[in-house]
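Shown next, in structure tokens, is the structure this report addresses.
Remember, it's 1-based here, ligands and their atoms both numbered in the order they're listed.
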Amino acid sequence: EVMGEILGISEVARELERKLGVRQVVIVPGDSDETFWVQRDIGRAAVTQLKARLAPDDNIIAVTGGTTMASVAAMMSPDKKERPMHFVPARGGLGETLELQANTVCSRMADRAHADYHLLHIPDEVSQETFERMVEEPSIKNVLEMIRAARIVVHGIGEAETMAKRRHASPEHLRMIERHDAVAEAFGYYFNAEGEIVHRVKTVGIQLEELDDMDTVIAVAGGKSKAQAIAAYAKHTPNIILVTDEGAATELLTRY
Ligand code: G3H
């Protein structure tokens with residue numbers, strides 16, 4: 001890649017940190033839009049970042065869903081220092097298919113880390129009344145409290161329209177995203193190019209405002225096609241450690 005030859009990948013990372021104003025940028029070689037295994041490399045790099053930030057005791061780690069997060073789970077391994085990890089889904093369902101749901105990613109990640117986990121069993125679409133009753137159920141309440149206690153979050157970033165379509169958003173929801181020029185999605189929140197929230201999917205778990213108080217927020221997203229989404233999301237949430245690839249990084253430096 002041209003970028004590697006001129007600047008070197010870590011210099012590009014430093015430059016991108018300045019440009020996006022985020023806490024840290026980690027870049028893996030290649031472009032995950034073009035090469036399948038680059039997403040696995042992003043996954044591996046995210047695991048390294050996560051382990052570098054574990055506390056000696058008690059680490060509750062909240063995770064989201066998606067293909068990139070599934071790659072993080074696939075690359076997870078037990079902690080050599082045996083620091084306890086406990087995985088929970090960051091939020092309730094967002095309409096993903098089973099293998100891309102936060103619950104699935106969470107249980108896989110815990111499995112590969114030889115760690116504990118708790119899942120959130122709330123259907124995506126229930127009436128307000130049922131919803132209110134469910135969040136009072138002791139078993140669900142208990143998990144929601146654990147999510148609230150999480151100090152580390154690992155999550156994906158998607159393109160707004162791609163995500164809305166993949167999750168079978170309603171026609172009104174799609175129109176809303178279009179009308180407000182949403183370009184990015186993370187956590188069920190949609191953002192315009194300025195990083196303003198233009199739509200949020202109502203669900204339980206971590207709300208975006210709460211990310212400000214987290215010790216560690218690791219955002220994982222790569223591929224040239226996600227550059228604009230990453231730029232928009234970083235405007236809203238600059239306290240992230242961004243784990244990305246060369247494809248997205250080059251595009252971010254040259255176009256956004
Ligand atoms: O919220 C963002 C999406 O979960 C990203 O999904 O990793 O499959 O592109 P993806």
Side-chain angles (χ1 to χ4, degrees), residues 26 28 30-47 49-50 61-76 87-106 108-109 120 124 153-169 173-174 177 182-192 195 197-208 210-211 217-237 240-245 247-249 251-252:
V26 176
V28 305
D31 184 331
S32 47
D33 284 347
E34 283 160 28
T35 318
F36 168 74
W37 42 259
V38 173
Q39 200 184 61
R40 293 287 149 128
D41 291 341
I42 292 176
R44 189 183 297 114
V47 169
Q49 291 304 315
L50 171 65
I61 303 155
V63 300
T64 64
T67 61
T68 318
M69 285 303 298
S71 284
V72 179
M75 302 314 290
M76 183 53 72
F87 291 90
V88 289
R91 301 194 85 197
L94 296 171
E96 296 275 23
T97 54
L98 182 65
E99 61 271 25
L100 297 181
Q101 286 170 16
N103 269 345
T104 310
V105 168
C106 172
R108 252 188 224 141
M109 218 178 270
L120 254 181
D124 287 1
V153 181
V154 192
H155 73 83
I157 304 169
E159 290 173 275
E161 202 187 323
T162 309
M163 295 316 302
K165 285 187 176 152
R166 187 169 90 191
R167 292 167 181 169
H168 307 290
H173 179 168
L174 278 171
I177 282 166
V183 297
E185 186 279 343
F187 274 89
Y189 289 77
Y190 288 81
F191 307 85
N192 63 18
I197 300 171
V198 296
H199 178 68
R200 61 172 73 192
V201 178
K202 206 178 124 272
T203 183
V204 291
I206 294 174
Q207 308 299 312
L208 199 69
E210 297 173 284
L211 287 190
V217 183
I218 303 175
V220 289
K224 189 177 171 182
S225 61
K226 281 194 184 179
Q228 190 184 22
I230 294 168
Y233 179 70
K235 281 186 189 150
H236 189 281
T237 318
I240 52 170
I241 295 153
L242 172 67
V243 182
T244 189
D245 61 20
E251 187 78 352
L252 275 161

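- Salt-bridge annotation for Arg200 and Glu185: absent, with no side-chain N of the basic residue lying under 4.0 Å from a carboxylate O of the acidic one.
- Remark: aromatic rings of His155 and Tyr233 are close, center separation under 6.0 Å.
- Residue Gln39 does not touch ligand 1, judged by heavy-atom distances below 4.0 Å.
- The environment of Glu161 atom CD is sparse: at most 12 non-hydrogen atoms of other residues, nucleotides or ligands sit within 6.0 angstrom.
- Counting heavy atoms only, Thr68 comes closest to atom 7 (O) of ligand 1 of the residues Val220, Leu94, Thr64, Thr68.
- Taking the side chain as every heavy atom from C-beta outward, Ile218 and Val243 approach each other to under 4.5 Å.
- Taking the side chain as every heavy atom from C-beta outward, Val153 and Leu211 approach each other to under 4.5 Å.
- In terms of protein heavy-atom proximity, atom 5 (C) of ligand 1 is nearest to Ile157 O, 3.7 Å.
- The atoms of ligand 1 that sit less than 4.0 Å from any heavy atom of Gly156 are 1 (O), 2 (C).
- With salt bridges taken as basic N to acidic carboxylate O contacts below 4.0 Å, one links Arg166 and Glu96.
- Counted by atom type alone, Glu99 and Thr104 present zero donor-acceptor pairs between their side chains at under 3.5 Å.
- Under a 4.0 angstrom heavy-atom cut-off, Gln101 registers as lying outside contact with ligand 1.
- Against a heavy-atom cut-off of under 4.0 Å, Gly158 is close to the following atoms of ligand 1: 2 (C).
- Between the side chains of Arg91 and Thr203, not a single donor N or O lies within less than 3.5 Å of an accepting N or O.
- Atom 9 (O) of ligand 1 has its closest protein heavy atom at Lys226 NZ, 2.6 Å.
- Considering only non-hydrogen protein atoms, atom 10 (P) of ligand 1 sits nearest to Thr67 OG1, 3.3 Å.
- Annotation: atom 6 (O) of ligand 1 to nearest protein heavy atom, Arg166 NH2, 3.2 Å.
- In terms of N/O distances under 3.5 Å, ligand 1 is not approached by Glu96.
- Of the protein's non-hydrogen atoms, the one nearest atom 3 (C) of ligand 1 is Met163 CE, 3.5 Å.
- Distance from atom 4 (O) of ligand 1 to its nearest protein heavy atom, with residue and atom name: Gly65 O, 3.4 Å.
- In this structure, the side chain of Gln228 does not engage the main chain of Lys226 through any donor-acceptor pair within 3.5 Å.
- Taking atom 2 (C) of ligand 1 as the reference point, the nearest protein heavy-atom neighbour is Glu185 OE1, 3.0 Å.
- Neither the backbone nor the side chain of Glu159 comes within 4.0 Å of ligand 1, counting heavy atoms alone.
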